[in-house]
Each structure stands twice: as C-alpha cells, then as structure tokens.
K.L.:
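Structure in structure tokens, see below.
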Amino acid sequence: MMDGDVGALSGGWKMRVALARILLMRPDALLLDEPSNHLDLESLIWLEDFLKRYEGGVFMTSHDREFMNRIVNKIVEIDGGTLTSYSGNYEFYQQQRALSEKQMQAQFERQQAMLAKEIAFIERFKARASHAAQVQSRVKKLDKIEKVEPPKRRQTVTFEFRPPARSGEDVVLLRNVHKRYGSRPIYEGLDFHVRRNERWCIMGVNGAGKSTLLKLVADSIQPDQGTISRGPSVRMGYFAQHAMDLLDGDRTVYQTLEDAFPQAGQSTLRTLAGCFGFSGDEIEKKCRVLSGGEKARLVMAMLLFDAPNFLVLDEPTNHLDIATKEMLIEALAQYEGTMLFVSHDRHFLAALSNRVLELTPEGIHTYGGGYTEYVQSTGQEAPGLRS
C-alpha cells in the first residue's frame, strides 16, 4: 500500500494519509475539522491516544461526544452569532449549559414578575393626580431597566417510527458464504443467523469485510458461493454511504421526499423534513447544494419513514451533527424491528446493540450482549487493539 496511488484509496484511508502527513510535521498546533469522520474505530482510538500525549494546542470541530470527552478541556459554543466558552469536556459543557439555562430562565421570570407588578401599578394610578409623581417615577425606572432575555431554546424535534409489520423469527440466514475481491478472500465459509429483534453491531479492522457483509445481506452484491436467505415478511431498509450520491441534484429536499412518497400529504412530508433538520426555506434547497450531513439526513428520513422491520445501516452517523445523532439514537431505541449495523461511534454502539459480531483473520466471534458487554469481556474497545 505504501507505493499505491492515494487517489485510489477509500475515504477512510485518505483521511489517515492526510492525518499522518500533518502529524509527521510535528506542529505546535493542530487544526482539525471533524477528524473522526471516515476513521474506523481502531484508527480513532489510536488518534485519541496520540492527542492525549500531544503537547501542542488542538482546535477542532467534532460530532463524536466520546472523542471530545477524552480529548478536549475547553468547549467554545457558537449560538446565534455569540461565542461562549466552557472549561471542561463535552459532558461538563452539557451540565454547565443546562445549569446556565436554568439560572437565566429563573432570572427572566423574576424580572417578568417585577415588570408585571410595576405595569399594573402604573395602569391603576396613571389617571390619579395624587399618584402622578409615583407613576412618573416608575415609568422612568422601567425605561432604564436592562431587559433580561429568556434562554435560547434549542429546537429539538423527535421522530417516531410507524410501527413496522412483524417479521418472522428468522430474519436472515447466511450459509457457507464465500466472497473474495480478486485474489483476496474476505469470507470463506461464513455462517451467520439474525433473528427477530436482535440488534447486531459488526466489529472488525479496516478491510475485515464489515461493509461487504452488509452489502451481501442487502443483496447489493452476490456471494461467490453459499446462500443468503431472508425470512418471511422481512421488509428491509438499507442505508449505504453511496446512497447519498444517488440523490438527484436538480430536485429539492421537498421534491425528493414527494418523489419517494407520492401518497403522503404535504403536511406529513414537511413534518418529516422538520424532524431531520429541514425547516423553513431549507426544504426548498436543491440536493446539489446540500452538505454531506444534510444529504445523510435526507436519505435517513426516506429510509425510516417507510417503516421497514429490518434495518441494515452502514455508518449511519457519519456527517451527522450531535443533535441529529441524538434524535436518531432516541428514535432507534424505540424501534420495534431488527438491526444489523456498522458504526465507529461508541455512544451509538453502546446505546443500540444487543449482539456483537466480531470479524477477525482467525474467523468470526459472536457476543451475546451489546457493545458495552463486549468491551468488558475483551478488555478492548475494538478488535484491532488486542495484542
């Protein structure tokens, strides 16, 4: 790979090359824009360890809360054109912001009560000559008061699944599956069984075949040998990274949703768009001008609105901001179907998985609990970190 063409590398490998080049410069400061995007979990944890030891300054944007909790010691929030800094990691910032909002709300309510009392006095006695001086004094007092603004409310929209139709107990079954790319074998005799209501996260180093497994299950590629069968009444929704490239650049967000769901009413589609962060005029944006995060949100909206009972998700949180990611986690936590997914977001993995499939050069390993139990059992956060 050292002599290979960088242009032919995947997004994840290009990110690693770019990071390596910067780190080898031994700079005094690092400016990092979403460094965790496209990195697999092993690379992400390696970068975490590097940054913990790094003696220079780091200034970065990130939507990975675990990454921030372990690396940063100061948060700068941009909200409505105002910068506010907090000392501490992301978790501390959340606590302090909530406390600050509570204090601001209490201060606002106290002032509103005082203003109401003063205005009531003025209205009651303004026509009485005997109280003219007092009324005038209070009017002047009100004119000089600096108004306390209520805390800015962050718009939080929740998405609720329509209950999916129940699938059979057997959702997907892989028997003796073989798959290779050129001379490189990925799977040689893979057996894997997904049952109803299981939530499998797939772990493995870069190149272990995580996305390949999802593609096989989603029927977007075929095995060289073996069989893959879905159970009765299984209705699959598949989120793939390339799905964002298939959006028609000349269609708006609303038109894209309308094309996908012609039977849905305008208010329903606008509510759906709002749940995924497209409010007001943003729904009229053409797909060609959407950012990576906006495209991911639009594809996710179309996928989840269709009420599948089996979700196959390949890095669904890539490009998503923290608020959208939290909304997605809350929605999927309530989801009544089956899931098979790949993610490098440890918060997402811990919140949603109840099974782990680990792909290693020696074969596959399965774990009956979710990601948190996997970490406790193996002593590592990712399979490529084990000695």
Side-chain angles (χ1 to χ4, degrees), residues 1-56 58-62 64 67 71 177-190 202-216 218 220-225 240-246 291-292 295-296 314-319 342-346 357-365 378 380-387:
M1 289 182 72
M2 291 293 286
D3 298 316
D5 179 7
V6 173
L9 296 176
S10 69
W13 283 106
K14 283 179 180 174
M15 176 67 88
R16 291 204 229 182
V17 172
L19 273 171
R21 183 168 62 175
I22 291 167
L23 301 183
L24 285 168
M25 291 165 56
R26 304 179 67 84
D28 297 318
L30 288 170
L31 191 64
L32 306 173
D33 190 2
E34 298 285 8
S36 62
N37 260 6
H38 301 295
L39 292 183
D40 60 28
L41 197 46
E42 286 79 6
S43 304
L44 182 58
I45 292 167
W46 180 90
L47 180 62
E48 259 176 22
D49 290 339
F50 175 89
L51 292 176
K52 284 176 189 172
R53 298 191 307 270
Y54 176 66
E55 294 179 358
V58 178
F59 191 49
M60 70 176 183
T61 62
S62 177
D64 189 318
F67 187 68
I71 300 301
V177 167
H178 290 66
K179 184 66 184 176
R180 63 173 54 233
Y181 292 115
S183 60
R184 180 166 163 255
I186 304 297
Y187 296 117
E188 294 180 302
L190 173 66
I202 305 170
M203 308 290 296
V205 298
N206 209 38
K210 300 187 293 293
S211 291
T212 298
L213 178 57
L214 298 189
K215 290 175 184 175
L216 287 165
S220 67
I221 61 172
Q222 300 302 312
D224 300 330
Q225 187 182 324
Q241 295 299 317
H242 68 80
M244 294 184 285
D245 301 327
L246 302 179
S291 67
K295 287 179 180 177
D314 192 1
E315 295 286 6
T317 61
N318 255 8
H319 304 292
V342 172
S343 176
H344 66 243
D345 187 294
R346 286 157 292 185
L357 175 70
E358 183 188 59
L359 306 175
T360 73
E362 294 75 39
I364 68 166
H365 305 284
T378 62
Q380 296 287 358
E381 292 184 296
L385 300 174
R386 273 189 253 169
S387 54

K.L.:
Is Lys210 reaching over with its side chain to a backbone N or O of Gly204, donor-acceptor style, under 3.5 angstrom?
P.N.:
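Side chain of Lys210 to backbone of Gly204: a pair is present.
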K.L.:
Out of curiosity, Ile71 CD1 to Met60 CE, how far, rounded to the nearest 0.5 Å?
P.N.:
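The CE atom of Met60 is 6.5 Å from CD1 of Ile71, to the nearest 0.5 Å.
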K.L.:
Give the minimum heavy-atom separation between Leu216 and Gln222, together with the two atoms involved.
P.N.:
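That would be CD2-C, 3.7 Å.
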K.L.:
Working to the nearest 0.5 angstrom, can you tell me the gap between Gln380 CD and Glu358 CD?
P.N.:
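Atom-to-atom, Gln380:CD and Glu358:CD are 10.5 Å apart.
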K.L.:
May I ask you to check whether over 12 heavy atoms, not counting those of Phe50, lie within 6.0 Å of atom CZ?
P.N.:
yes
K.L.:
Closest approach of Val177 and Pro223, non-hydrogen atoms and distance?
P.N.:
CG1-CB, 3.9 Å
K.L.:
Return the CE to CG distance between Met203 and Leu41, rounded to the nearest 0.5 Å.
P.N.:
5.0 Å
K.L.:
State, to 0.1 Å, how close Asp314 and Ala240 come at their nearest heavy-atom pair, and which atoms those are.
P.N.:
CB-CA, 4.4 Å
K.L.:
Quickly, which of Leu39, Leu47, Ile45 forms a side-chain contact (heavy atoms from CB on, under 4.5 Å) with Phe67? Name it, please.
P.N.:
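Only one option passes, and that is Leu47.
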K.L.:
Starting at CG of Leu32, measure out to CZ of Phe59 and round the result to the nearest 0.5 Å.
P.N.:
11.0 Å
K.L.:
Which heavy atom of Arg180 sits nearest a heavy atom of Asp224, and at what distance?
P.N.:
N-OD2, 2.8 Å
K.L.:
Yes or no on side-chain contact (heavy atoms from CB on, under 4.5 Å) for Asp64 and Thr317, after CA distance, side-chain angles and deciding distance?
P.N.:
CA-CA 9 Å; Asp64 189 318; Thr317 61; over 6 Å; no
K.L.:
Is there any salt bridge (charged side-chain N to carboxylate O under 4.0 Å, His left out) pair reaching into residues 17-32, and which pairs are they, with sequence neighbours excluded?
P.N.:
none
K.L.:
What closest approach, in Å, do Asp40 and Val205 show between heavy atoms, and which atom pair accounts for it?
P.N.:
OD2-C, 4.5 Å
K.L.:
Would you confirm whether Thr61, through its side chain, and Glu34, through its main-chain N or O, come within 3.5 Å as a donor-acceptor pair?
P.N.:
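A pair under 3.5 Å: yes.
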K.L.:
List the steps and the verdict of side-chain contact (heavy atoms from CB on, under 4.5 Å) for Tyr181 and Ile221.
P.N.:
CA-CA 12 Å; Tyr181 292 115; Ile221 61 172; 3.6 Å; yes
K.L.:
What residues, two or more places apart in sequence or in another chain, satisfy side-chain hydrogen bond (donor to acceptor under 3.5 Å, both in side chains) together with Glu42?
P.N.:
none
K.L.:
Quick one: CD on Glu381 to CD on Glu48, what's the gap to the nearest 0.5 Å?
P.N.:
6.5 Å
K.L.:
Rounded to the nearest 0.5 Å, how far apart are CG of Leu44 and NE2 of His344?
P.N.:
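It comes to 6.0 Å.
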K.L.:
I'd like a table of donor-acceptor pairs (distance under 3.5 Å, sequence neighbours excluded) in which one partner is a side-chain atom from residues 183-190, with atom names and distances.
P.N.:
unit_1: Arg184; atom_1: NH2; unit_2: Gly207; atom_2: O; d: 2.6
unit_1: Tyr187; atom_1: OH; unit_2: Gly209; atom_2: O; d: 2.4

